[in-house]
S.K.: 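Got a structure here, written out as structure tokens. Questions coming.
The chains referred to below are lettered A, B, ... by the order of the sequence lines, with proteins before strands, and numbering in each begins at 1.
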Amino acid sequence: MNMPLRKTETAMVLPASAAKVFPLPAAKRGTFASRTMARVRDVAAKLIPPIVMIGLLLIVWQILCSKPGATLPSPSKIWTEAYDLIVDPFFVAGPQDIGLGWRVLTSLQRVAIGYGLAGVIGILLGTLVGQSVWAMRGLDPIFQILRTISPLAWLPISLAAFRDSQPSAIFVIFITAVWPIIINTAVGIRNIPSDYRNVAAVLRLNHLEFFVKIMVPSAAPYIFTGLRIGIGLSWLAIVAAEMLTGGVGIGFFIWDAWNSSRLSDIVVALVYIGGVGFILDRIVAGVATIVTRGTAAN
Amino acid sequence: MTAYPYLKIDHVDKSFTRGSTETEVLKDITLSIEKSEYVSIIGHSGCGKSTLLNLVAGLLPVSAGCVLLENKEVNDPGPDRAVVFQNHSLLPWLTVYNNVRLAVDKVFSGTKSRQERHDWTMHNLELVQMGHAKDKRPAEISGGMKQRVGLARALSMEPKVLLLDEPFGALDALTRAHLQDSVMAIHGKLGNTVLMITHDVDEAVLLSDRIVMMTNGPAARIGEVLDVPLLRPRKRLALAADPTYLKCRQRVLEFLYERHHFVEAA
């Protein structure tokens, strides 16, 4: 028996009646108790290792900085010296003596404006560059050069242009965050599978419908990668910018504390900055998973 | 019967230019398809059959000649020539229902009410037996199911011509047979005009009224057109021993493997 014949026979034995499609079964759920136990175990498995590691680091730090003549404060010393900063983020004791929570919020406000602008303009410019070959040829080299410039190098220029520290700081955030958003959006748009373009063509979607229904969802994973890099860079840049521009803000607080030799306060501020940066990143990542659910998996 | 054919591919050439080199893919293709006819195009891989389908769909421009639908030239893609793509091409961020609904909303926005569009979406999903999975995303259903949804999306546009681009090529033999039966049943019920690309001889003979056999590229031509005079509805099992079926099958095999043997390594 040769191969082609055998193939026909396979086809012959199939049922001639119309094919039935069996409904998909619903996923099984365990009892409430077993689900809760599973969740508790899951959370514990994620939380215990970092807690242990942080504890170990604190112990090592305490030992290293407990010697007489240590240049940096030990954790216990920081706790006693900067007690009010640690326990109450939102106290107000005077115009320049406020809790770190307030300072972080002021910085976050600047980041929100600068990053928001960067998001909108970055996605629009990225779409343009991703869609049009000529826009890409013209703009891409410029972007590639501009994006390598350190955020702080923009500060004198923006101070000269805006003649005020507040818009200058916002501009620095904008100019820092916008490049990864532009570049990732452009890549995302360029990578829209031609299948989706064909579907849009057959359906005769107009430009706006194509943008909303095909382009944005298809490029969303890329766009969110850009947004995530952007928020991280913004938060890096605001601290540095505030050190130079002054006023209220977590960056200036560090500079001020350094000038008054309050090292413990600086360490507390660093923990705040790290914590807030982490939370910002998680927020953008969380939004990304909600918006792009299903998009990455095909 | 009208004086002109329903769909006419009239002396179409297609060549691709890349830099200074020009590759001629299709040469002088002329084919007429009547309403409710099921026509398959078969040929070795790389002979340009998908290109021909894309020309009819309007996704590619013709280099010479023209494609006429109801005696009107078509150059742009449109829902009157709905395509079922080889790799389903469902939008992964939309549910099964919304994938079909997108097409329904676009095509019938001016002529059907919201409720009617919903009913029409569900009607087409039921037609391909996918109503039960309407809230699933494409990643959550099997390959055969995705292809069913792709078919539902194309049917929901009420196309004048249904273009199937190797719709069952990526499926296993069992699933493929089920889907072929579904397509036959739907064609019997709705009387669609279908142009299907395939490389499966049994599939072509089983489903088609006519089989268009293409020579090997470059500059592929229509080598032979075979009528399949089998009565509908066709039963897979009964046909297996049918002398007409076997003769048609034999003719296609002879064309593909004797007279136009594929010379390049596949």
S.K.: Salt bridge (charged side-chain N to carboxylate O under 4.0 Å, His left out): which pairs involve residues 217-236 of chain A, sequence neighbours left out?
M.R.: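 Checked against salt bridge (charged side-chain N to carboxylate O under 4.0 Å, His left out) - neighbours excluded - the pairs reaching residues 217-236 of chain A are A:R228-A:D281.
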S.K.: State which residue, out of A:T185, A:N191, A:N184, fulfils the side chain to side chain donor-acceptor pair (under 3.5 Å) condition with A:Y222.
M.R.: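 In the set A:T185, A:N191, A:N184, the residue that makes a side chain to side chain donor-acceptor pair (under 3.5 Å) with A:Y222 is A:N191.
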S.K.: May I ask you to name which of B:L206, B:V107, B:L94, B:N87 has the most heavy-atom pairs under 4.5 Å with chain A?
M.R.: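 It is B:N87.
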S.K.: When you look at CZ of A:F278, are more than 12 heavy atoms from neighbouring residues, nucleotides or ligands closer to it than 6.0 Å?
M.R.: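 No, not enclosed.
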S.K.: Could you have a look at B:M184, B:Q86, B:K106 and say which one has the most heavy-atom pairs with chain A under 4.5 angstrom?
M.R.: B:K106
S.K.: Name each donor-acceptor pair under 3.5 Å that joins a side chain in residues 153-162 of chain B to protein atoms two or more places apart or in another chain, with its distance.
M.R.:
| residue | atom | partner | partner atom | Å |
| --- | --- | --- | --- | --- |
| B:R153 | NH1 | B:S89 | O | 3.2 |
| B:R153 | NH2 | B:H88 | O | 3.2 |
| B:R153 | NH2 | B:S89 | O | 2.9 |
| B:S156 | OG | B:R153 | O | 2.7 |
| B:K160 | NZ | B:E70 | OE1 | 3.2 |

S.K.: Relative to chain A, which segment of B:A57 carries a heavy atom at a distance below 4.5 Å: side chain, backbone, both, or neither?
M.R.: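 No part of B:A57 comes within 4.5 Å of chain A.
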